[in-house]
Protein chains: 2
Amino acid sequence: MNSSDVSANLSLDEVRDNFISQWGAFGSHWGINRTMAQIHALLMTGLEALSTDEVMAKLSVSRGNAHTNLKELVSWGLVRIVVKKGDRKEYFDAERDVWKIFTIILRERQRREIDPALDLLRNCQEETKGLEGAEAEAFRNQVKELENFVSFARNLGSKVDKLSYGPAMKLAAKFLG
Amino acid sequence: MNSSDVSANLSLDEVRDNFISQWGAFGSHWGINRTMAQIHALLMTGLEALSTDEVMAKLSVSRGNAHTNLKELVSWGLVRIVVKKGDRKEYFDAERDVWKIFTIILRERQRREIDPALDLLRNCQEETKGLEGAEAEAFRNQVKELENFVSFARNLGSKVDKLSYGPAMKLAAKFLG
DNA sequence: CTGAATTTTCAGTAATTACTGAAATTGATG
DNA sequence: CATCAATTTCAGTAATTACTGAAAATTCAG
């Protein structure tokens with residue numbers, strides 16, 4: 001490693017650290033907490049799988065925090081456990097394929113947010129089915145409109161989820177063109 | 001108003017209050033805070049525009065909270081101010097059209113979350129343009145992939161935003177069919 | 001088994017975000 | 001311009017969410 005490499009590496013680390021920290025802030029707008037998004041960004045932009053201790057060191061977070069968020073990422077499917085032979089530690093590596101990342105987050109958010117919202121909308125209609133009067137009509141109608149839209153969006157999401165990157169891009173290109 | 005109306009109204013209010021409170025919780029997953037989402041739900045599912053005091057009473061929130069969130073909703077375009085002649089108070093009424101609600105939220109989130117994310121991704125590429133080595137390559141490449149995807153999504157969003165409900169449904173139907 | 005390395009849990013605390021309530025400001029009216 | 005209803009602001013506080021660090025549990029090699 002010569003001196004220009006050193007300066008290049010320092011600079012890369014600076015840019016990368018900045019990226020990781022800011023990406024974490026975006027994550028929190030997307031149902032993914034800051035540390036979770038930062039860990040994913042760290043693993044996704046690096047070459048190698050890292051151990052819990054390495055993640056702790058790179059992000060200056062506690063063991064508990066690193067552990068909880070790594071496991072959460074694994075449960076989402078955004079990170080996988082890598083075992084290195086002759087080493088008892090677990091290493092973690094991130095999903096890097098943007099389309100896969102997108103569909104995983106889409107699926108998770110549908111499950112956690114859209115589906116319960118649909119349940120609520122449907123229950124509200126059920127529970128006010130027999131009620132008469134302008135107020136009840138207005139309520140039921142608005143809830144029905146919301147349900148129509150949300151279940152439509154839900155269906156679109158499911159379809160998109162099933163597409164792979166290539167076909168999705170082709171379709172989108174057609175739409176954008 | 002006869003006794004069956006009374007019982008019907010009580011029941012409607014129960015269902016509606018429950019809806020408003022739960023809808024508020026969903027809002028917080030969508031970049032809209034709880035009270036803001038609740039106020040929108042309250043106004044959207046009722047027939048009449050309400051004053052700040054009425055909102056305070058219906059949701060049991062403080063004047064400051066009601067005021068701030070009403071004004072925020074107005075600034076988003078999800079609520080409009082209604083003036084009643086011979087009354088100094090301001091009244092507030094919500095946008096009820098689901099497609100308009102959707103495009104308003106879409107536009108706001110693109111501005112607040114997607115555009116800054118794109119800036120970050122582009123800056124990171126710019127700042128590492130000259131760097132060599134496997135690590136720099138990997139970083140730059142992953143960031144580029146993310147940018148491709150996010151800017152693609154951004155474009156799709158803009159297109160959707162410009163569609164009105166009818167054409168949007170027709171397109172979607174084609175896709176879903 | 002034993003004990004060291006590693007993972008997991010969780011009570012306590014910190015950081016963040018949202019809300020209250022009262023005071024300051026605005027602006028319409030006589 | 002004095003008054004009063006209504007709106008706006010914001011310092012202080014409450015509620016929520018995330019994190020720490022140490023202790024408990026697990027795993028595995030010898």
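Computed from a predicted structure; not experimentally measured. Letters go in sequence order (proteins before strands), and every chain restarts at 1.
Contact annotation: B:R34 side-chain N/O to C:dC19 OP1/OP2 distance is under 4.0 Å.
Considering only the side chain of A:T35, D:dC19 comes nearest among D:dT16, D:dC19, C:dT8. Listed nucleotides: C:dT7, D:dT8, D:dC19. Nearest to the side chain of A:N69: D:dC19. For A:H67, the side-chain atoms get nearest to C:dT7 when compared with the rest of D:dT8, C:dT7, C:dC19. The side chain of A:K89 lies closest to C:dT6 when the candidates are C:dT6, D:dT8, C:dG27. Checking C:dT7, C:dC19, D:dA6 against every side-chain atom of B:D87, the shortest atom distance belongs to D:dA6. Out of D:dT7, D:dG21, C:dT20, the shortest distance to the side chain of A:S62 is found at D:dG21. Residue B:N33 has its side chain nearest to C:dC19 when only D:dC19, C:dC19, C:dT7 are considered.
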Would you sort out whether B:K58 and B:E54 count as a salt bridge (Lys or Arg N to Asp or Glu O under 4.0 Å), showing the intermediate values? CA-CA 6 Å; B:K58 294 265 188 187; B:E54 287 167 327; over 6 Å; no
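Where A:S28 and A:G64 each meet DNA chain C at their nearest nucleotide, the meeting point lying more 5' is that of A:G64. Comparing B:F92 and A:T68 by the nucleotide of DNA chain D whose heavy atom lies nearest to each, the residue mapping closer to the 5' end is B:F92.
Using a 30° and 60° split on the angle between ring planes, B:F149 and A:W99 fall in the perpendicular class, above 60°.
Looking only at distances, no side-chain donor or acceptor of A:R140 sits under 3.5 Å from a matching main-chain atom of A:C124.
Here the C1' atom of nucleotide C:dA22 and the CE atom of B:M56 are 12 Å apart, to the nearest Å. Between B:N65 atom CG and D:dA14 atom P the separation is 15 Å, expressed in whole Å. Following rounding to the nearest Å, B:E72 (CD) and D:dT8 (P) show an atom-to-atom distance of 13 Å. Protein atom CG of B:L70 is 16 Å distant from nucleotide atom C1' of C:dT20, rounded to whole Å. Rounded to an integer number of Å, the gap from B:R63 CZ to C:dA24 P is 17 Å. Rounded to whole Å, atom P of D:dC28 lies 10 Å from atom CD of A:E90. Put simply, CD on B:E54 is 14 Å from C1' on D:dA6, counting in whole angstrom units. The interatomic distance linking B:M36 (CE) with C:dT17 (P) rounds to 16 Å, in whole Å.
Listed by first then second residue, pairs satisfying salt bridge (Lys or Arg N to Asp or Glu O under 4.0 Å) with a partner in residues 157-166 of chain B read B:R107-B:D161, not counting sequence neighbours.
A:R109 forms a cation-pi arrangement with B:W30, by the criterion of a distance under 6.0 Å to the ring centre and an angle within 45° of the ring axis.
Donor-acceptor pairing under 3.5 Å, judged by distance alone, is present between the side chain of A:R88 and the base of D:dT27.
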